[in-house]
Number of protein chains: 2
Amino acid sequence: MTSPTIYDVARAAGVATSTVSRAFSNPQRVSGPTRELVVRVASELGYSPNPHARALTSRRTQTIAMVVSDIRNPHFFEIIRGAELRAKASAHTLVLVNAEESPRIEREQISRLSRSVDGFLLAASRLPEEDLVELAGSHAVVMVNRQVTGIPSVVLDQREGCRQLITHLSSLGHTSVAYLTGPRESWMAGSRWAAIREAAAAAGMTAVRMGPFTPRVAHGAAAADAALTTGATALIAHNDLLAMGMLQRLAARSVRVPDDVSVTGFDDIFAAELCSPSLTTLGGAHVNVGRAAVELLLEAAAAPRRATTAVQQLVLPSQLVVRGSTGVAPGGHGPA
Amino acid sequence: MTSPTIYDVARAAGVATSTVSRAFSNPQRVSGPTRELVVRVASELGYSPNPHARALTSRRTQTIAMVVSDIRNPHFFEIIRGAELRAKASAHTLVLVNAEESPRIEREQISRLSRSVDGFLLAASRLPEEDLVELAGSHAVVMVNRQVTGIPSVVLDQREGCRQLITHLSSLGHTSVAYLTGPRESWMAGSRWAAIREAAAAAGMTAVRMGPFTPRVAHGAAAADAALTTGATALIAHNDLLAMGMLQRLAARSVRVPDDVSVTGFDDIFAAELCSPSLTTLGGAHVNVGRAAVELLLEAAAAPRRATTAVQQLVLPSQLVVRGSTGVAPGGHGPA
DNA sequence: AACACTGTGGCAACTGCTTGCCGCGCAGAG
DNA sequence: CTCTGCGCGGCAAGCAGTTGCCACAGTGTT
C-alpha cells in the first residue's frame, strides 16, 4: 500500500540512506557501481522519491508558477503551452494562476505560492514595478511580455515589428494611423505606442492614440467608434481580440474593411485567420516565448543568488502576417 | 531572512507547537481564546505554514492536477478557467498538464505527479478504461467530458443537445446528415455519434459517420471532402475547430454555406461567432464544467476512501447556438 | 616511510509540521 | 463526596528526505 522509502531501499541494498539519497539527487557523489546497485534495487522496489520530503530540506520544489493576467486571452495559450512543454522536459511542474486582470489577486496568489515554487513566470503582469523588483529580490522571476530593469524577461520584438507594420500600411498609401491602446497597466501597450509613433514619424505618417480599451472582443465597438472619429484610414488595435470586435462593429456600421479602413491587430491568435475579413496582425512564435521564459527561469533558479551573469532581456522576433483586413487606402491609388 | 516556523510562534505565544499547529489546521480542537492568541501572534510574526512540511505528514497537498488531452484546443480554456477559479476559491493550487494527445505522456505525467497532488482532473482523457479505473482506485479522480462507470465525472449533455441539433436541421428541411467524427479514443466522439444516430432515426433522417479526423482546423479539408461524397446536406463536425476547417475548404471548393450545405460544430469556442459564416454549434457553460469538476474532486479527496455517497456523474445542460452556417436545405422549401 | 590528498560511504542532525496518546482540571452524575 | 466524562493543552514520535562532517582507504608526493 504505502510506497517504499529511502530506508527500504537502503536496507535492501545494504547501504546507508544518505547513499541512496545521493544516488538520486547527486549522482556523481557516489561511485559508479554503488549508484547502479542502488538504482537497480530502487526500481525493483518501485521506489520514487517523495517530492515534499525532498522540498522540505533542499528547498527545491521542481515547480514553477505561471501567472497570467487573463487566461481567457487565447494569446496566452501558446505561451502556456510552450512553458508547459519546457517545464515538463526538465521534470518540472507548471502551476497555472489566473490573475483576472487584478493586481490584488496577482499579489495574493504570488504570496500564497511563494513557499511552494522555485520561481515565477509573470506574463503581462499588472503589478507596479516596485512590487516586481521586490519580488525578484527574494525569488527567481522572469517576466513575459514586459520588461523591467534588473529582471530577466522575454518579449516579442515590438520596435522592428511595428516598423514593418507601419511600412506595410504606408506602402498601401495610408497617411494616418490610429492606435487603439490597451490597459494603462499594460507594458506592451506603452511599448507598442512608442514604436508606432516612432515608425509613423519616420514614414511621414500621422499617428494618434485612443483609449485605453479593455482588450476583449466586446470592447471593440467602442474602439471602432472612437477610431472613426479620428479620420485615420489605418486602425491598429492593441490586440487581435479588440481588432475582431472592431471588425464586427465596422461591419455593423457598414464601414467596409479594407476598402474604407484597414485594421490590424497584435498576437496572431488562431481566430485571426478565420474571421472575416481575415486579420492582418503582428504575430510571432509565442510557443518559443513560453519556452525561453522557462529556460531563463531555470537558469535563474539554479544560479546562486545574484549570479555573475548579466540579467537577460530576451527579445524574440515578431512577424507581420498580412491578411485581408488591410488594403489600399481609400482615395489613394496604392503605392505611390 | 528565513521565515518563522511553528516553533517561533509557539515560543512567542507561550504554548506548545501542537497547539499552534491545531490552531491552524484543526481550529475547533483548541479553545477560542487560545486560538485567537495564537493567530494574533502568528500574524505579528508574519508566520505562514510551510506547505511541504504540511504535506509530508498529513498527506494533503492542497494541489490538484488537471490533465488535458490538447491544450491548444480553445475549448479547454474555459474549462481550465473554471477549474482554476474554483480551486483558487478553496485555496488549492492547479497544476496544468498537457498530454498532447498521447496516452503515454498522459500516463507518465500522472505517475510523476501522483505523490504531489490530492487528485486528478482528467479532461478528455485518451487513456483506456482499465487504466482509469486503476488510477481511480488509488487516487481521487474526476473525469471531464468522459464517463467511466465507477468514476465521478462532469460532461455536457450530448443526448438532448444532439436531439435539439437534429431537430433544428430537420426543421430546415434536411433529411440526411453526416457526422465527421473525432479521434477513436475520444469518448465524446462515440457519445455524440450515438446521440446523433438516435435522434436522426427519430426524426426520420439518415445519418452516416465519416472519419476519424483529428479535430483541428488543418484537418477540416479532408473532412469536408469526405462529407461531400456522402451527399448529405447537413454536416456535423466533431468540434468547432474541425468545422471551421471544413468551412474554409468548402469555400475554397465554392460550395456555399449554408445555401448548399449546412455545417455545425460542437463547443461554441469563441471563434465560432467570428468566422464566416458564423458557426452554428452546440455549446454550453464550459466554465461550470471546470468548476463542478473541481468541486467533485474536492469532495472525493475529502471523503474517507470508498465513501458511502454514490459516484456522481454530473451532466450539465448544453445549449444550441444557431448562427449563420445552418440554413434551409437546398431544393427544399424550408419547413414542410 | 611519513605525509597530504582525494574519492566514497556512513552518521546523525536537521527540515517544519501533524497527530496519537496522555493527563489535568472541571462539571455533571450517582 | 467519589466517579465519569469531556474539553483542552502538551509530549514526543513520526513523515521522507538532505547534507555537513567525519572516517577510512587508496594513491601520489617528498
Side-chain angles (χ1 to χ4, degrees), chain A residues 1-39 41-42 45-63 91 112-118 302 304, chain B residues 1-39 41-42 45-63 91 112-118 302 304:
Chain A
M1 189 68 224
T2 170
S3 51
T5 73
I6 210 173
Y7 293 93
D8 302 321
V9 177
R11 192 171 337 109
V15 298
T17 61
S18 47
T19 304
V20 178
S21 172
R22 288 195 269 253
F24 285 99
S25 51
N26 198 0
Q28 76 278 19
R29 182 61 175 70
V30 301
S31 69
T34 310
R35 183 185 337 126
E36 278 161 34
L37 168 70
V38 170
V39 169
V41 171
L45 263 52
Y47 166 79
S48 77
N50 179 316
H52 295 292
R54 200 169 236 196
L56 190 52
T57 48
S58 70
R59 293 176 179 300
R60 277 175 269 106
T61 65
Q62 302 277 98
T63 298
R112 194 173 76 74
L113 289 173
S114 66
R115 306 287 283 279
S116 24
V117 303
D118 289 345
Chain B
M1 190 64 223
T2 168
S3 51
T5 72
I6 210 172
Y7 293 94
D8 302 320
V9 177
R11 192 172 333 109
V15 299
T17 60
S18 46
T19 303
V20 178
S21 171
R22 288 196 269 253
F24 285 100
S25 50
N26 198 1
Q28 75 280 15
R29 181 64 173 70
V30 302
S31 68
T34 311
R35 185 190 331 131
E36 277 161 35
L37 168 70
V38 170
V39 170
V41 170
L45 263 52
Y47 166 79
S48 77
N50 179 315
H52 296 292
R54 198 169 240 200
L56 190 52
T57 48
S58 71
R59 297 178 175 297
R60 276 175 270 107
T61 65
Q62 301 276 99
T63 299
R112 195 173 75 76
L113 288 173
S114 67
R115 305 289 282 278
S116 26
V117 303
D118 289 345

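Just so you know, these numbers use all the heavy atoms, side chains as well, and skip hydrogens, waters and symmetry mates. So that the names make sense, note that chain A is the first sequence line, chain B the second, and so on, each numbered from 1.
- Here the closest non-hydrogen pair linking Ala12(A) and Leu45(A) is CB-CD2, 4.2 Å.
- If you take CG of Leu37(B) and C1' of dC8(D), they are 14 Å apart, rounded to a whole angstrom.
- Asn50(A) places its CG atom 18 Å from the P atom of dG14(D), with the value rounded to the nearest Å.
- With hydrogens and angles ignored, the 3.5 Å screen pairs no side-chain donor or acceptor of Arg115(B) with any backbone N or O of Pro51(A).
- Thr63(A) places no side-chain N or O within donor-acceptor distance of the main-chain N or O of Val117(A), the cut-off being under 3.5 Å.
- Computed from coordinates, the Asn26(B) CG to dG7(D) P distance equals 13 Å when rounded to whole Å.
- End-to-end axis angle of the helix from dA1(C)-dT30(D) to dG30(C)-dC1(D), from C1' rotation axes over five pairs per end: 40° (rounded to 10 degrees).
- When distances run from any side-chain atom of Ser31(A) to the nucleotides dG10(C), dC15(D), dG9(C), the shortest one goes to dG9(C).
- Separating the CD atom of Gln28(A) from the P atom of dT8(C) is a distance of 10 Å, rounded to the nearest angstrom.
- Every pair tested for side-chain hydrogen bond (donor to acceptor under 3.5 Å, both in side chains) that includes a residue from residues 14-25 of chain A fails, sequence neighbours excluded, so the list is empty.
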For nucleotides 18-22 of chain C, tabulate all protein N/O to nucleotide N/O atom pairs closer than 3.5 Å, reporting atom names and distance.
| from | atom 1 | to | atom 2 | distance (Å) |
| --- | --- | --- | --- | --- |
| dT18(C) | OP1 | Arg54(B) | NE | 2.8 |
| dT18(C) | OP2 | Ser21(B) | OG | 2.4 |
| dT18(C) | O4' | Thr57(B) | OG1 | 2.7 |
| dT19(C) | OP1 | Arg60(B) | NH2 | 3.3 |
| dG20(C) | O6 | Arg22(B) | NH1 | 3.4 |

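- Among Val9(B), Val15(B), Asp8(B), the single residue meeting the side-chain contact (heavy atoms from CB on, under 4.5 Å) criterion with Arg11(B) is Asp8(B).
- Listed here is the closest heavy atom pair of Leu56(A) and His52(B): N-CB, 4.4 Å.
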(message) Run Phe24(B) and Val38(B) through side chain to side chain contact (heavy atoms under 4.5 Å, CB included) and show every step you take.
(response) CA-CA 9 Å; Phe24(B) 285 100; Val38(B) 170; 4.2 Å; yes
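- Per the geometry, NE2 belonging to His52(A) stands 12 Å off P belonging to dG17(D), to the nearest Å.
- One atom, CD of Gln62(A), and another, P of dG17(D), lie 14 Å apart when rounded to the nearest Å.
- Between Arg112(B) and Ala91(A), the shortest heavy-atom distance links the atoms NH1-O, 3.2 Å.
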